[in-house]
Protein chains: 2
Amino acid sequence: MERLIWTRPERGNRGPAAGHSRAELAAVAVTLADRSGLAAVSMRQVAAELGTGPSSLYRYLGGRNDLLDLMADAVAGEIDLGVPLGGDPVEDLLALAVRAKAVHLRHPWLAELPPEPLRLGPHGLAYLEFALRAMAPARLPGPARLEVVAVVDALVAQFARAQRQQGAAGADRRAAQAAYLGETAAAGAYPHLAAALAGAPGGDPAEDPEALFGRTVRRVLGALLAAGTPD
Amino acid sequence: MERLIWTRPERGNRGPAAGHSRAELAAVAVTLADRSGLAAVSMRQVAAELGTGPSSLYRYLGGRNDLLDLMADAVAGEIDLGVPLGGDPVEDLLALAVRAKAVHLRHPWLAELPPEPLRLGPHGLAYLEFALRAMAPARLPGPARLEVVAVVDALVAQFARAQRQQGAAGADRRAAQAAYLGETAAAGAYPHLAAALAGAPGGDPAEDPEALFGRTVRRVLGALLAAGTPD
DNA sequence: TAAAACTGCGAACACTGATCGCAGTAAAGG
DNA sequence: CCTTTACTGCGATCAGTGTTCGCAGTTTTA
């Protein structure tokens with residue numbers, strides 16, 4: 001039985017006071033990941049950053065997975081849930097999605113996290129609760145509501161990724177990808193691909209990514225929240 | 001400069017014939033991942049399965065990443081692209097998405113793959129080209145078309161994950177998650193979450209997941225492909 | 001004061017991806 | 001034909017990984 005970290009108490013009350021805390025571990029790990037990517041978040045690195053040995057971390061964590069859970073929940077806590085709801089589920093969810101996307105942009109490693117089915121700590125739960133509260137006016141069965149949140153999250157991750165690698169010059173791999181894709185498309189075997197890529201840099205003056213995101217999310221939410229219509 | 005595997009020739013023409021092929025490596029790795037998960041796909045395991053040492057693999061691959069590229073493209077090749085198009089982008093893309101979801105269900109490790117921005121080998125490119133061809137009747141700028149494919153892919157992965165872990169009894173973690181989520185929701189601090197979860201097992205007789213997928217994708221595609229309407 | 005529960009951590013284990021260099025083999029060039 | 005070139009296979013090895021174990025020390029409870 002491998003319990004989630006959230007189900008275990010952070011501290012007993014018998015022994016000496018612990019030198020660190022889960023929050024501290026999470027903060028160090030997040031900083032490390034922000035600076036050098038998720039791969040840099042190893043038990044040894046985190047321990048070194050804390051000035052201890054690797055084995056000490058296992059007093060706070062059941063393993064590396066728990067550390068990732070902590071990280072995900074820590075950044076979930078950066079999403080402001082104090083804003084008042086307007087009453088329109090589409091607009092309220094969009095505003096939430098915009099704030100969530102900002103977090104993704106601030107912490108690119110979020111997209112690298114092994115996609116566990118659920119990685120919900122206290123902050124993640126609060127986020128989910130907030131989204132469901134925003135969706136309350138819509139007439140939808142329970143599971144469908146969760147589905148909507150999942151779809152929006154997917155859109156957030158998707159657009160954050162696109163927006164990020166469009167801005168900063170991506171890694172080697174990104175450049176190699178583009179080169180390969182360009183020359184392959186130019187070879188003539190993929191006419192539609194070539195056409196789609198050709199329309200990218202030229203043509204329109206590259207729409208504001210924020211506006212594109214807003215329009216897309218609005219459309220998708222409008223379609224998913226359409227109540228009553230069984231088809 | 002770290003070139004993609006697709007940009008390097010599989011064989012020179014000077015030395016002795018290679019004992020294996022990229023396709024063989026990919027097949028072995030896929031089989032391994034299907035049986036024991038992506039974590040079981042290590043250079044040593046794959047090499048052992050081939051009856052050689054780990055270092056031999058580096059004659060065929062630049063590294064483990066290349067192996068993952070090969071695997072992804074191999075299963076992308078399982079998607080049947082020979083079906084004729086009906087002419088309605090929404091229905092044609094949905095049919096494609098259904099076939100793609102089947103592949104995800106057959107190879108659960110696809111969801112575990114580190115989400116590189118693009119992991120497109122020949123088969124992946126053919127898939128993309130097919131999707132763009134299906135989308136040809138829609139009046140949409142090029143980048144938007146690529147965005148649509150990305151969103152659909154995200155939906156496919158999303159629903160495949162949900163459908164899979166609903167069928168088979170998930171791992172320990174899944175059970176632990178459910179238990180934790182249930183008791184936390186029951187604690188009363190998350191009323192909307194509790195309501196959404198309560199509606200799940202009882203209430204309606206659990207809609208056919210395939211129908212739910214079809215309805216959702218149709219709605220999303222309908223919203224995204226709505227041409228002309230600038231808002 | 002004794003027991004229980006806890007912390008910190010050095011040492012070690014079983015892995016991982018990756019590199020290097022050497023022996024052997026096949027084709028190309030003269 | 002023989003040399004050169006380019007390739008293959010692979011044992012040995014390196015640095016790094018997550019994780020476990022056991023011991024010494026510390027604080028609280030009984």
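The chains referred to below are lettered A, B, ... by the order of the sequence lines, with proteins before strands, and numbering in each begins at 1.
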- Message: Rounded to whole Å, how long is the line connecting atom CZ of A:Arg59 with atom P of D:dT26?
- Response: 15 Å

- Message: With salt bridge (Lys or Arg N to Asp or Glu O under 4.0 Å) as the test, pick out the partner of B:Asp69 among B:Arg119, B:Arg64, B:Arg22.
- Response: B:Arg119

- Protein-nucleotide distance (B:Leu32, atom CG; C:dT16, atom C1'), rounded to Å: 15 Å

- Stacked cation flag B:Lys101 on B:Phe159, 6.0 angstrom / 45 deg: no

- Message: Could you tell me how far apart A:Tyr58 (OH) and D:dT19 (C1') are, to the nearest whole angstrom?
- Response: 5 Å

- Query: Do B:Phe130 and B:Val83 have side chains that get closer than 4.5 Å, going by heavy atoms?
  - Reply: yes

- Whole angstrom is fine here: how far is it from CD in A:Glu24 over to C1' in C:dG8? 14 Å

- Query: Mind checking whether B:Arg133 and B:Asp92 have side chains closer than 4.5 Å, heavy atoms only?
  - Reply: no

- Query: Which whole-number value in Å describes the distance from A:Leu67 CG to D:dT17 P?
  - Reply: 13 Å

- Message: Can you measure A:Leu38 atom CG to D:dT17 atom C1' for me and round it to whole angstrom units?
- Response: 14 Å

- Message: Just N and O in the side chain of A:Tyr60: are any of them under 4.0 Å from OP1 or OP2 of C:dG8?
- Response: yes

- Message: What contact category does B:Arg64 fall into here, base, sugar-phosphate, or nothing, at under 4.0 angstrom with non-hydrogen atoms?
- Response: sugar-phosphate

- Message: Is it the case that the base of D:dG16 and the side chain of A:Arg44 share a donor-acceptor contact (distance under 3.5 Å, atom types as modelled)?
- Response: no

- Toward the 5' end of DNA chain D, which comes first, B:Pro54 or B:Glu10, by nearest nucleotide? B:Glu10

- Task: Return the 5'-most residue of the pair B:Ser56, B:Arg14 with respect to DNA chain D, ranking by each residue's nearest nucleotide.
- Result: B:Arg14

- Message: Is it the case that the base of D:dG11 and the side chain of B:Ser55 share a donor-acceptor contact (distance under 3.5 Å, atom types as modelled)?
- Response: yes

- OP1 or OP2 of D:dT17 less than 4.0 angstrom from a side-chain nitrogen or oxygen of A:Ser42, does that happen here? yes

- Give a yes or no on whether the backbone of A:Asp73 and the side-chain of A:His123 come within a donor-acceptor separation of less than 3.5 Å. yes

- Rounded to whole Å, NE2 of B:His20 lies from C1' of D:dC10 at a distance of 11 Å

- To the nearest Å, how far apart are B:Arg8 CZ and D:dC7 P? 13 Å

